[in-house]
Amino acid sequence: MSILQLQNTLREKVGETAREKFNIELEQIAAEIPPKTELGDLAFPVAFELAKQIKQATGEKQNPRNIAEILKVSLESFDFVAKVEVAGAGYLNVFYDRAKFFAESSEITFLKTPDQRSPKVCVEHTSVNPNKSMHIGHARNSVLGDTFVRILKATGKRVETQNYIDNTGVQVADVVVGFLHLRKLNLEQIKDLESHLQIPFDYYCWDLYTEVGKFYASNAENLKFRAETLHELERGEGEIYELADYVATRNVECILQTMERLDIRYDLLPRESDILHLHFWAKAFDLMKERGVVRFETEGKNKGCWVMPFDSHEGTDEHEADKILVRSNGTVVYTGKDIAYQMWKLGLLGTDFCYRLFYTYDDGKQVWVTTADKTEPENLPEFGNSEVVFNVIDSRQAYPQEVVKEGVATIFPEKGEGASVHLSYEMVALSVSAALELGLSLTEDDKTRPFIEMSGRKGWGVKADDFINLLEEKAFTEVSTRNPDFSLEKQKLIAHQIAVGALRYFLLKFTKNTIIVFDFKEALAFEGETGVYCQNAAVRFNSIFKKLEENALEDARQTFSMENKIVSEIFDSEIGNEIWSLAALALRLEETISQAAIATEPAILAKYNFNLSKAMHLFHHNHRIITEENAVKRAVLIAIADLARRALTGGLQTMGIEVPERM
RNA sequence: GCUCUCGUAGCUCAGUAGGAUAGAGCGAGAACCUCCUAAGUUCUAGGUCGCAGGUUCGAUUCCUGCCGAGGGCACCA
């Protein structure tokens, strides 16, 4: 029986007893982990609630402690429960039978694998404009999205990961303007330039994009180049389109490489150009008209537009409550296209992309890209058609995302709003000191602000690759000093794993709706609450097992199962609470991952991994396994250490963090 | 103007389906390497949970108002 199952069983029993003894139907039964191991493994503050409801129902005033005493008796009937105590004003504290419970669960595996028969869910993340390199704020999106994918998979969900490519938007147009009108280069010349470029292509574009911003600022007339270019991109053919397609694709390749460094991969790259060329909007528009959810305005300020009635809280008057989807000149707004695209993801559009293979990763995993050309590639996976779609998009887009969600739900009430989830998060901004370190020219007003927003347009930001490099260099210095016997290759691998762990943990330890104010010192830390701290706990435990005899774990399990009585005594001894609390914490991984999935909050998992690591470092400090002379105690310690390292390895893996061989 | 999010230790942040003594990291001050790696462990100092009301046996958590910070509110993308 797992901890989750036991909790639910106990919860049911509490509800049942409340019904039988007090004639009260409890809607929800809260259970909590007591603040200290001495207070038990699970607590029900339910007697307070019952006392209140009994008073309401009968007017009779009952002491919560008396109520708890009655519930106590019924819970004690389970064999997994060692004892139940009534504590404080009426808490019901449940103590598990540690030896029995541990014997049953010491071999548990924590992570589920995706069930191929379960309905597919889609997570879209990254989705950066393919016109420059990624900065650390973009990386937050990807790390959050990728970790959420891992969390869903660990709960057994089948997940499709998409990275949307806006290859026909203003940002791509702007960098194309830079190539055409500032650099005066055609496609061949760009390729030639690239062949002897000292910096990566996306870095080059980063600088060029900033120049274009200045180009527009210097003379508003220059904006006509943007309009021209956008028009060409929309047309979908011709020299400029070809050039833009090349530039965008090259940037996508660079971005995929950056993400590969963080162990982030995709299944599909849906491109905006294909949404345009395959007329997704027209299809969606037909469906909307068919279902009568859009209206053509013949008068008022929206005259000539197609609108969708929208009873959102955002509108200030009745008119603004309607969302314009088609402008009076007949063109569709961005949100309209987004609704069509969201319909495709959910399998509601009734039309599909064409596909071709974009790239094959080292281990053979494939990432596909959409096209508008009819092709019939071999081994084409099935894309789209997801039960639920999670869009990882920063909180500034909350309003358009709300429109998409409500829009789709209006067209398909049978599907409902639950199918579209905006996985919203706050941006990464620069601290004033970090901005100054980067040499940005801040105004006096800027310097008084709580943070400085990153801006691709201004060229303000810490590039993801630069920062990973910085972390790798720092880690390499440490690794090579500590492990001079390792080959250079191995040292570099470990430094890389540490860098990834540090960055991913840093981006995940904050809850989604906290603005991360990026500060170099804090982000580069390898001590305290960091990924490195967690990795180190796992490495230390692994090194114990390397030094133990070959069959130590199997032997321990055998000793353990035969000596139930002595095991009980150990758990009841002086060190019992401490070692049991580590075991109990390790056994909570599954529950934690499930909580993180329900709350769409990877930070819950990050905090768990940190707390588990802390308990492990403490355990490591207090107990010597290898030299332990009492065979049964040694077996218990080995089994707990194994449980803990497997839980931590699984928890870290779910965050996309590897455990290095040595550190 | 309308609307959303946030305000917890010197700093950066957790927490709260209303509940036991409000936690962690950093920073500050001390102690611990002959020891399965000190990227570690232990101890100390540090809080009117923005302010004021309300609901409740009980509020940092829920409600209202105020103050402060940051978003979002186009026939932009």
Side-chain angles (χ1 to χ4, degrees), chain A residues 28 30 32 34-36 39 43 45 48-49 51-52 55 61 64 87-91 93 129 166 168-171 173 230 272 297 301-307 312-317 320 324-335 337-338 394-400 402 424 426-427 429 431 449-451 453 475 478-479 482-483 498 502 509-511 513-517 519 521-522 525-530 532-537 539-548 603-604 606-607 610-611 613-614 616-618 620-628 641 662-663:
Chain A
Q28 277 179 320
E32 55 193 46
K36 282 183 169 184
L39 293 171
F48 306 109
E49 179 63 25
K52 186 192 275 181
K55 196 181 157 199
K61 220 173 166 181
Y91 279 94
N93 291 340
N129 283 296
D166 184 0
T168 56
V170 169
Q171 297 217 24
L230 271 172
E272 182 169 71
E297 296 286 57
K301 69 175 196 177
N302 293 340
K303 187 178 173 184
C305 300
W306 284 89
V307 302
S312 159
H313 37 271
E314 298 278 347
T316 46
D317 56 49
E320 282 185 40
I324 292 166
L325 293 182
V326 179
R327 305 180 186 102
S328 54
N329 68 4
T331 56
V332 57
V333 300
Y334 183 83
T335 311
K337 281 182 273 184
D338 228 16
D394 79 71
S395 66
R396 286 169 291 193
Q397 306 235 28
Y399 175 64
E402 186 67 21
S424 169
E426 283 287 350
M427 63 179 161
S431 68
R449 297 175 70 85
F451 52 80
E453 194 174 337
E478 293 285 336
V479 171
R482 288 161 202 256
N483 305 286
I498 290 172
K509 73 172 175 177
F510 300 94
T511 51
N513 59 1
T514 297
I515 296 175
I516 299 180
V517 181
D519 179 81
K521 188 169 172 288
E522 204 188 334
F526 284 171
E527 281 140 40
E529 195 196 338
T530 62
V532 182
Y533 178 93
C534 299
Q535 286 173 316
N536 196 227
V539 168
R540 289 176 109 180
F541 271 49
N542 283 340
S543 83
I544 297 172
F545 283 88
K546 275 181 204 154
K547 293 190 178 170
L548 280 170
I604 293 173
K607 294 287 171 195
F610 175 63
N611 285 326
S613 303
K614 212 158 43 153
M616 285 166 69
H617 277 301
L618 184 60
H620 188 273
H621 185 257
N622 288 343
H623 307 286
R624 290 288 99 103
I625 288 180
I626 292 174
T627 52
E628 176 58 50
R662 213 162 75 184
M663 287 176 72

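A note on names: the letters A, B, ... follow the listed sequences, proteins ahead of strands, and every chain is numbered from 1. Computed from a predicted structure; not experimentally measured. When reading the values below, keep in mind they use all heavy atoms of this one structure, side chains included, and skip hydrogens, waters and symmetry mates.
Counting non-hydrogen atoms under 4.0 angstrom, A:P35 reaches a base of the nucleic acid. If you check every strand for non-hydrogen atoms under 4.0 Å, A:L618 touches sugar and phosphate atoms only. Residue contacts for A:F610: at a heavy-atom cut-off of 4.0 Å it reaches the sugar-phosphate backbone alone, with no base atom in range. The residue A:A89 sits apart from the nucleic acid: no heavy atom pair falls under 4.0 Å. Within 4.0 Å of A:V479, counting heavy atoms only, lies at least one base atom of the nucleic acid. In this structure, A:R396 reaches the sugar-phosphate backbone alone: every heavy-atom distance under 4.0 Å involves primed, P, OP1 or OP2 atoms, never a base. A:F451 comes within contact range of the sugar-phosphate backbone alone, with a heavy-atom separation under 4.0 Å but no base atom that close. Here A:V326 lies out of heavy-atom contact (under 4.0 Å) with every strand. Counting non-hydrogen atoms under 4.0 angstrom, A:R449 reaches the backbone sugars and phosphates but no base.
OP1 or OP2 of B:A77 has at least one side-chain nitrogen or oxygen of A:R327 nearer than 4.0 Å. Phosphate proximity of B:C75 to A:S328: absent, as no side-chain N or O sits under 4.0 Å from OP1 or OP2. For A:Y533 and B:U41, the shortest distance from a side-chain N or O to OP1 or OP2 is below 4.0 Å. Taking only side-chain nitrogens and oxygens, A:K547 comes nearer than 4.0 Å to OP1 or OP2 of B:U37.
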Point to revise | Per-nucleotide protein contact string for nucleotides 10-17 of chain B (B base, S sugar-phosphate only, - none; heavy atom under 4.0 Å) | key: --SSSS-B
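Taking atom C1' in both B:A17 and B:U61, one finds a spacing of 10 Å when rounded to whole Å. Remark: the separation of the P atoms in B:G47 and B:A22 is 13 Å, to the nearest Å. Comparing the P positions of B:C62 and B:C4 gives an interatomic distance of 15 Å, to the nearest angstrom. Annotation: B:U56 and B:G50 have their P atoms spaced 23 Å apart (nearest Å).
A:R396 has a carboxylate O that lies under 4.0 Å from a charged side-chain N of A:D394, or vice versa, which qualifies the two as a salt bridge. A salt bridge does not link A:E529 with A:K614: none of the charged nitrogens is closer than 4.0 Å to a carboxylate oxygen.
Remark: the A:N93 side chain and the B:A20 base include a donor-acceptor N/O pair separated by less than 3.5 Å.
For A:K36, whose side chain is taken as the heavy atoms from C-beta onward, the closest listed nucleotide among B:G25, B:U21, B:U37 is B:U21.
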